[in-house]
Amino acid sequence: MQPSAQMPTDPTLAPYDLLVVGGGINGAGIARDAAGRGLRVMLVEQDDLASHTSSASTKLIHGGLRYLEYYEFGLVRKALQEREVLLRAAPHIMWPLRFVMPHMPNLRPAWLIRAGLFLYDHLARREILPGSRGIDLRQHAAGAPLRRDITRGFVYSDGWVQDARLVVLNAQDAAERGATVLTRTRLAGAERGEHMWTAELASLTTDGTETSRQTVRARAIVNAAGPWVGHLLGDVLRQPATHSVRMVKGSHIVTRKLFDHDHAYIFQNPDKRIIFAIPYERDFTLIGTTDIEYHGDPAKVAINDDEIAYLCKSASDYFTKPVVPTDVVWTYAGVRPLLEEEVSNPSAVTRDYTLELDAPATRAPLLSVFGGKITTYRRLAEEALSRLHAPLGIKQGDWTAGAPLPGGDMPEPDAGAFEVSLRAQVPWLPEALAHRYARTYGTRTHVLLADARSLNDLGERVCGDLFEAELRYLVQYEWARTAQDVLWRRTKLGLHVGKEGEASVLRWFERQTENTPELATR
């Protein structure tokens with residue numbers, strides 16, 4: 001297992017086959033796929049991995065039940081096919097989740113819901129996930145927190161994912177297969193030659209200050225910059241585009257736990273939208289999302305009071321106990337870079353993707369990614385490499401469908417069984433910590449623990465159950481450079497340790513930077 005330290009590049013060395021720009025799920029997935037085919041790959045991200053859209057999702061691996069109403073059968077089928085592929089690849093950070101849809105006769109008739117769920121069950125083969133069925137909410141546990149007049153519902157399956165960790169694991173796998181991964185590195189400019197791109201990269205500190213520049217060469221560039229795909233194409237690469245993205249803001253709220261069972265809810269709204277209420281981080285409930293046209297800086301997106309009120313009201317229409325803004329303990333928002341379409345309703349804009357390949361015979365290839373959703377990222381990466389087969393002379397075929405992500409190489413695959421095994425092998429590890437490690441790092445927990453023989457061997461307890469050994473692992477193997485990287489992306493410990501805990505992690509990083517100044521610029 002290779003450490004994730006960023007290595008300096010030398011333009012006199014052999015060029016990269018692929019320079020991937022953008023460290024979200026699509027960029028990380030493409031870098032992983034390409035590195036596994038033997039290509040020499042560099043991935044650059046101007047911030048932290050999954051800093052923006054890819055850590056601000058509803059955190060679902062799903063086909064998109066509501067897309068059936070927009071006749072997106074191809075997209076839904078593709079996403080449904082991917083659910084179980086992904087669940088097998090990373091069972092430690094993804095797992096099946098049952099969803100309850102309470103029936104509201106004034107919104108959609110029961111026959112229409114049954115027909116939609118029948119399609120959802122049968123558009124793709126299922127081996128792990130059970131099918132849908134009707135339920136009596138007067139008898140089912142999911143009916144307890146709902147209004148007494150809501151008596152009928154339906155239950156179906158999809159999956160849950162720790163979205164930012166999915167990005168990190170794809171980047172980690174890419175690095176272990178030979179890719180160079182540079183976070184806090186911006187593509188400052190690039191010149192397109194006959195057979196080669198010459199790219200100038202700017203290294204940044206964690207506060208965004210530029211410290212140095214370097215030049216690399218690459219046979220092709222992949223523009224996977226998400227909300228910045230158009231900016232990168234026109235302003236940095238100075239190339240024309242035939243597609244564009246439509247930025248749609250999706251916001252979420254997190255409250256203290258609203259119900260005790262392990263099912264999630266999908267609630268229909270009179271405006272034809274849906275929201276989810278999902279068990280989250282043991283002690284919380286996640287509610288979202290909104291769909292609002294966005295025209296600002298994608299890096300500065302934030303929820304507003306109207307969105308908070310909308311989500312609270314939508315949930316309150318179903319729960320016996322109303323959800324009010326003062327119940328909200330955390331919020332997050334992200335910009336979805338959706339493929340531009342001539343539709344007025346942001347909710348109706350397709351979640352599918354388009355790959356635009358510009359590969360004239362006398363110019364180095366450029367592939368740009370427009371749109372997409374987290375569930376279909378692996379298929380998108382396969383299609384991206386398929387487009388680049390001829391221009392780059394790629395020989396090796398598709399390989400990721402059966403390959404586990406780091407930490408996912410466990411029997412069955414069964415994260416629960418792995419946790420039992422871990423507790424037997426490391427009996428001194430507290431039960432709650434063993435559970436968190438198993439569900440965060442999977443089999444890589446053994447790397448984190450290394451030669452530890454007792455809790456004291458994990459070093460300083462920085463806050464909560466976050467020990468120094470875990471922080472060092474995240475720095476060495478997962479590109480963590482700040483408290484935010486650790487507490488709000490690679491884990492969600494920020495919800496549990498509060499401001500005081502966050503300050504403790506910040507101080508830990510400051511001490512590391514003092515002792516190792518290059519950490520600030522790596």
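Model, not experiment: these values are computed from the prediction.
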**Q.** Donor + acceptor pair across side chains of Gln484, Arg489 (<3.5 Å)
**A.** no
Q: Evaluate salt bridge (Lys or Arg N to Asp or Glu O under 4.0 Å) for Arg436 paired with Glu470, printing each intermediate quantity in order.
A: CA-CA 11 Å; Arg436 188 169 71 77; Glu470 183 175 0; 2.6 Å; yes
Q: Look up atom CD1 in Ile61 and atom CG in Leu86, then write down how far apart they are to the nearest 0.5 Å.
A: 5.0 Å
Q | Leu18 and Leu388, any side-chain heavy atoms less than 4.5 Å apart | A | yes
**Q.** Salt bridge present between Glu191 and Arg217 (N-O < 4.0 angstrom)
**A.** no
Q. How about Asn170 and Tyr377: does a side-chain donor come under 3.5 Å of a side-chain acceptor?
A. yes
Q. Charged N to carboxylate O below 4.0 Å: is that the case for Lys249 and Glu307?
A. yes
(Q) Please check this pair: side chain of Arg461 against backbone of Gly464, looking for a donor-acceptor N/O pair closer than 3.5 Å. (A) yes
Q | The single option from Val497, Leu493, Leu487 passing side chain to side chain contact (heavy atoms under 4.5 Å, CB included) against Val505 | A | Leu487
Q) Mind checking what makes salt bridge (Lys or Arg N to Asp or Glu O under 4.0 Å) contact with Asp47, not counting sequence neighbours? A) none
Q | Min side-chain heavy-atom separation Pro227-Thr53 under 4.5 Å | A | yes
Q | Note: Arg184-Asp207 ion pair, threshold 4.0 Å (strictly below) | A | no
Q.
Donor-acceptor pair, distance only, cut-off 3.5 Å: does the side chain of Arg219 make one with the backbone of Met196?
A. no
Q) Which value, rounded to the nearest 0.5 Å, describes the distance between Thr58 atom OG1 and Ile287 atom CD1? A) 12.0 Å
Q.
How long is the straight-line distance from CG of Asp297 back to NE2 of His231, given to the nearest 0.5 Å?
A. 10.0 Å
Q: Please test Phe418 against His92 for side chain to side chain contact (heavy atoms under 4.5 Å, CB included), starting from the C-alpha separation and ending with a verdict.
A: CA-CA 9 Å; Phe418 171 76; His92 53 314; over 6 Å; no
Q) Between Val486 and Phe509, does a side chain to side chain contact (heavy atoms under 4.5 Å, CB included) hold up when you go through it step by step? A) CA-CA 10 Å; Val486 171; Phe509 271 100; 3.9 Å; yes
**Q.** Residues Glu382 and Ser386: side-chain donor-acceptor under 3.5 angstrom
**A.** no
Q. Under 6.0 Å from the six-membered ring centre of Tyr280 and within 45° of its axis: does the NZ or CZ of Lys257 meet both?
A. no
Q: Check step by step if side chain to side chain contact (heavy atoms under 4.5 Å, CB included) holds for Leu204 and Thr185.
A: CA-CA 6 Å; Leu204 310 173; Thr185 302; over 6 Å; no
Q.
Walk me through whether Arg481 and Asp48 qualify under salt bridge (Lys or Arg N to Asp or Glu O under 4.0 Å).
A. CA-CA 8 Å; Arg481 297 291 176 262; Asp48 180 32; over 6 Å; no
Do any side-chain atoms of residues 445-454 form donor-acceptor pairs under 3.5 angstrom with protein atoms, and if so which ones, sequence neighbours left out?
residue : atom : partner : partner atom : Å
Thr445  : OG1  : Tyr437  : O            : 3.2
Thr445  : OG1  : Gly442  : O            : 2.7
Arg453  : NH1  : Asp451  : O            : 3.3
Ser454  : OG   : Asn456  : N            : 3.4

Q.
Between Glu45 and Arg186 (salt bridge meaning N to carboxylate O under 4.0 Å), is one present in this structure?
A. no
(Q) Test side chain to side chain donor-acceptor pair (under 3.5 Å) on Arg379 and Thr376; report intermediate values, then the result. (A) CA-CA 5 Å; Arg379 284 280 293 271; Thr376 54; over 6 Å; no
Q | Check: Asp352 and Lys78 side chains under 4.5 Å, non-hydrogen atoms | A | yes
Q) Looking at side-chain heavy atoms only, is the closest gap between Leu201 and Arg213 below 4.5 Å? A) no
**Q.** Check: Ser203 main-chain N/O paired with Thr211 side-chain donor or acceptor under 3.5 Å
**A.** yes
Q) With a 4.0 Å cut-off, would you call Glu84 and Arg88 a salt bridge? A) yes
Q.
Would Arg98 and Asp158 count as a salt bridge (Lys or Arg N to Asp or Glu O under 4.0 Å) here? Give the steps.
A. CA-CA 6 Å; Arg98 293 289 269 174; Asp158 264 321; over 6 Å; no
Q: Report yes or no: is the cationic atom of Lys492 (NZ for Lys, CZ for Arg) closer than 6.0 Å to the six-membered ring centre of Tyr332, at no more than 45° off its axis?
A: no
**Q.** Salt bridge flag under 4.0 Å for residues Arg32 and Asp173
**A.** yes
Q | salt bridge (Lys or Arg N to Asp or Glu O under 4.0 Å) assessment of Asp17 paired with Arg40 | A | CA-CA 5 Å; Asp17 295 306; Arg40 190 162 184 257; over 6 Å; no
Q. Can you find a pair of side-chain heavy atoms, one from Phe284 and one from Trp330, that are under 4.5 Å apart?
A. no
Q. Considering all heavy atoms of both residues, which atom of Val20 and which atom of Val41 are nearest to each other, and what is their separation?
A. CG2-CG1, 4.3 Å
Q: Apply ring pair (Phe, Tyr, Trp, His ring centres under 6.0 Å) to Trp228 and His52, showing your working.
A: CA-CA 11 Å; Trp228 290 271; His52 303 290; 4.9 Å; yes
Q.
So, taking the atom named OG1 in Thr285 and the one named CG in Leu258, what distance separates them when rounded to the nearest 0.5 Å?
A. 4.0 Å
Q. Where do Trp428 and Val426 land on the side chain to side chain contact (heavy atoms under 4.5 Å, CB included) test, with the steps shown first?
A. CA-CA 6 Å; Trp428 51 265; Val426 194; 3.2 Å; yes
Q. Using the ring of each side chain (for Trp, its six-membered ring), is Trp95 parallel, tilted or perpendicular to Trp160, with breaks at 30° and 60°?
A. tilted
Q) Would a 4.5 Å heavy-atom cut-off, applied to side chains only, mark Val475 and Gln512 as touching? A) no
Q: Check whether any side-chain heavy atom of Gln162 sits under 4.5 Å from a side-chain heavy atom of Met94, and report yes or no.
A: no
Q | Heavy-atom side-chain proximity of Leu19 to Val222 below 4.5 angstrom | A | no
Q | Salt-bridge contact Arg511-Glu460 (side-chain N to carboxylate O under 4.0 Å) | A | yes
(Q) Measuring from atom CG of Leu392 to atom CG of Leu367, what distance do you get when rounded to the nearest 0.5 angstrom? (A) 10.0 Å
Q. Taking atom CG of Leu232 and atom CG of Leu237, what is their separation to the nearest 0.5 Å?
A. 4.5 Å
**Q.** Main-chain N/O of Ser251 paired with Thr289 side-chain donor or acceptor, under 3.5 Å
**A.** yes
Q) Would you call Glu419 and Arg439 a salt bridge, taking side-chain N to carboxylate O under 4.0 Å as the test? A) no
Q: Could you tell me whether Asp163 and Lys59 make a salt bridge, using a distance below 4.0 angstrom between a side-chain N and a carboxylate O?
A: yes
Q. Is Arg472 salt-bridged to Glu468, cutoff N-O under 4.0 Å?
A. yes
Show me the donor-acceptor pairs, under 3.5 Å and distance only, between side chains in residues 396-408 and residues at least two apart or in other chains.
residue : atom : partner : partner atom : Å
Gln396  : NE2  : Gly36   : O            : 3.0
Asp398  : OD1  : Arg37   : NH2          : 2.8
Trp399  : NE1  : Asp33   : O            : 3.0
Trp399  : NE1  : Asp33   : OD1          : 3.4
Thr400  : OG1  : Arg378  : NH1          : 3.0

